[in-house]
Amino acid sequence: MTLNDLLYWGSLILLAFAFALAVQMRIMGALVLRRALIAWNKHLDRMSANKAVAWAVGQKDLPEEAKPWLVDSVKHLRKIYVRPLKHIRLARQVSVLAPILIVALVGAVRFGT
């Protein structure tokens with residue numbers, strides 16, 4: 001096994017691990033935030049909490065016609081859970097970037113550089 005093989009397999013394993021970890025962080029982070037939101041507001045169901053978490057993770061402002069419960073929920077999440085939201089944003093970026101890098105790495109090795 002040459003040094004190039006070791007670098008290839010090591011990079012491929014690290015990228016695959018980063019992708020798996022990012023997907024896990026997105027799932028678990030959203031699950032915990034959804035449960036925290038439902039504990040904060042007992043009137044929310046799972047789908048409503050999902051919608052609020054998705055809006056809170058995104059950095060866009062809510063539209064003017066958004067329902068009051070959604071506005072309150074997103075403000076609560078953005079005020080109290082700053083770090084978990086940042087972790088989910090980072091996990092979003094990695095889960096998009098890692099597969100592209102895996103395909104580029106495999107293509108570069110397979111078809112030469």
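Index from 1, following the sequence.
When hydrophobic clusters are built by joining Ile, Leu, Val, Met, Phe, Trp and Tyr residues whose side-chain heavy atoms come closer than 4.5 Å, directly or via intermediates, Leu77 is grouped together with Trp40. Following chains of ILVMFWY side-chain contacts shorter than 4.5 Å, one cannot reach Trp9 starting from Phe17, and the two form parts of different hydrophobic clusters. Residues Val32 and Ile88 do not share a hydrophobic cluster, defined by chaining ILVMFWY side chains whose heavy atoms lie under 4.5 Å apart. Hydrophobic clustering keeps Met25 apart from Val53 (ILVMFWY residues linked when any side-chain heavy atoms are closer than 4.5 Å, directly or through intermediates). Val109 and Phe19 fall into different hydrophobic clusters, defined by Ile, Leu, Val, Met, Phe, Trp and Tyr side-chain heavy atoms under 4.5 Å apart, directly or through other members.
Here the closest non-hydrogen pair linking Asn50 and Arg34 is OD1-NH1, 2.7 Å. Taking each heavy atom of Lys79 and Val82 in turn, the nearest pair found is O-CG2, 3.8 Å.
Atom CG of Leu105 is separated from atom CG of Leu14 by 10.5 Å, given to the nearest 0.5 angstrom. For the atom pair NZ of Lys75 and CG of Leu70, the computed distance is 11.0 Å after rounding to the nearest 0.5 Å. To the nearest 0.5 Å, atoms CG (Asp72) and CG (Leu37) are separated by 10.5 Å. Interatomic distance, Thr2 OG1 to Leu7 CG, rounded to the nearest 0.5 Å: 8.5 Å.
In this pair, His76 and Tyr81 present their aromatic rings perpendicular. The plane angle is above 60°, beyond the 30 to 60° band.
Using a 4.5 Å cut-off on side-chain heavy atoms (C-beta onward), Leu85 and Leu33 make contact. Side chains of Val23 and Ile27 form a contact here, defined as non-hydrogen atoms less than 4.5 Å apart. The shortest side-chain heavy-atom distance between Arg78 and Val74 falls under the 4.5 Å cut-off.
Checked by atom type and distance alone, the side chain of Ser73 pairs as donor or acceptor with a backbone atom of Trp69 at under 3.5 Å.
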Which atom pairs, donor and acceptor, lie under 3.5 Å between side-chain atoms of residues 89-97 and protein residues at least two apart or in another chain?
| residue | atom | partner | partner atom | Å |
| --- | --- | --- | --- | --- |
| Arg89 | NE | Val57 | O | 2.6 |
| Arg89 | NH2 | Ala56 | O | 3.1 |
| Arg89 | NH2 | Val57 | O | 3.4 |
| Ser95 | OG | Arg26 | NH1 | 2.9 |
| Ser95 | OG | Ala91 | O | 3.1 |
| Ser95 | OG | Arg92 | O | 3.0 |

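The number of heavy-atom neighbours closer than 6.0 Å to CG of Asp61, taken from other residues, nucleotides and ligands shown, is 12 or below.
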